[in-house]
Amino acid sequence: MEEKILEICKRVDDSIDYTSTTLIDDGVLDSVTLISIISEFTDEFDVYIPYEEIIPENFNSIKAMAELVEKYV
């Protein structure tokens, strides 16, 4: 799942180094990019990510994003 999440993130913005584990905390992902990634997850996996799940801990790394998506697939 992590490979698929990375592929989706790179589709949104391939200039970002997604190996970081502090993507949100360090400001690597801005709000527009984050919303685009969530939108791609919705389209790709047909999932709805609740508003209360949109917290830094769930988007700081590819692993965290994969775990989040897996909860709703």
Side-chain angles (χ1 to χ4, degrees):
M1 176 66 81
E2 289 182 40
E3 288 180 23
K4 186 66 175 172
I5 296 297
L6 178 59
E7 176 186 312
I8 291 167
C9 289
K10 285 187 174 189
R11 229 177 18 220
V12 171
D13 188 339
D14 67 350
S15 69
I16 294 173
D17 177 10
Y18 291 100
T19 61
S20 172
T21 57
T22 53
L23 293 168
I24 299 292
D25 293 343
D26 289 346
V28 176
L29 292 181
D30 62 21
S31 59
V32 173
T33 305
L34 181 59
I35 296 302
S36 296
I37 288 171
I38 293 168
S39 177
E40 288 294 318
F41 291 166
T42 300
D43 293 345
E44 185 74 28
F45 300 108
D46 194 29
V47 295
Y48 169 75
I49 298 176
Y51 176 76
E52 52 274 352
E53 292 280 24
I54 303 173
I55 56 175
E57 294 81 20
N58 288 335
F59 293 92
N60 261 330
S61 69
I62 293 297
K63 180 179 180 188
M65 288 185 242
E67 289 171 358
L68 175 65
V69 169
E70 285 174 340
K71 285 173 48 176
Y72 295 99
V73 173

Apply side chain to side chain contact (heavy atoms under 4.5 Å, CB included) to I5 and F41, showing your working.
-> CA-CA 8 Å; I5 296 297; F41 291 166; 3.7 Å; yes

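- Atom-to-atom distance recorded for Y48:OH and T42:OG1 is 9.0 Å, nearest 0.5 angstrom.
- By the side-chain contact (heavy atoms from CB on, under 4.5 Å) test, E57 is found to be paired with I55, residues two or more places apart in sequence or in another chain being considered.
- Here the closest heavy-atom approach between residue C9 and residue I62 is recorded as SG-CD1, 3.9 Å.
- Within the 3.5 Å criterion, the main-chain N or O of E53 finds a donor-acceptor partner in the side chain of N58.
- Applying the side-chain hydrogen bond (donor to acceptor under 3.5 Å, both in side chains) test to residues at least two apart or on different chains, the pairs with a partner in residues 59-68 are D25-N60.
- Residues satisfying the side-chain contact (heavy atoms from CB on, under 4.5 Å) test with E70, not counting sequence neighbours, are M1.
- The structure places CD1 of I35 at 10.0 Å from CG of D30, a figure rounded to the nearest 0.5 Å.
- In terms of heavy-atom proximity, I24 sits nearest to F59 at CG1-O, 3.6 Å.
- For I16, the side-chain contact (heavy atoms from CB on, under 4.5 Å) partners at least two apart in sequence or on another chain are D13, Y18, L23, V28, L29, T33.
- For V47, the side-chain contact (heavy atoms from CB on, under 4.5 Å) partners are F45, I49, Y72, V73, not counting sequence neighbours.
- Atom CD of E52 is surrounded by more than 12 heavy atoms from other residues, nucleotides or ligands within 6.0 Å.
- Interatomic distance, L34 CG to I54 CD1, rounded to the nearest 0.5 Å: 6.5 Å.
- Within 6.0 Å of CG in D46 there are 12 or fewer heavy atoms belonging to other residues, nucleotides or ligands.
- Remark: E44 engages K4, R11 in a salt bridge (Lys or Arg N to Asp or Glu O under 4.0 Å) (not counting sequence neighbours).
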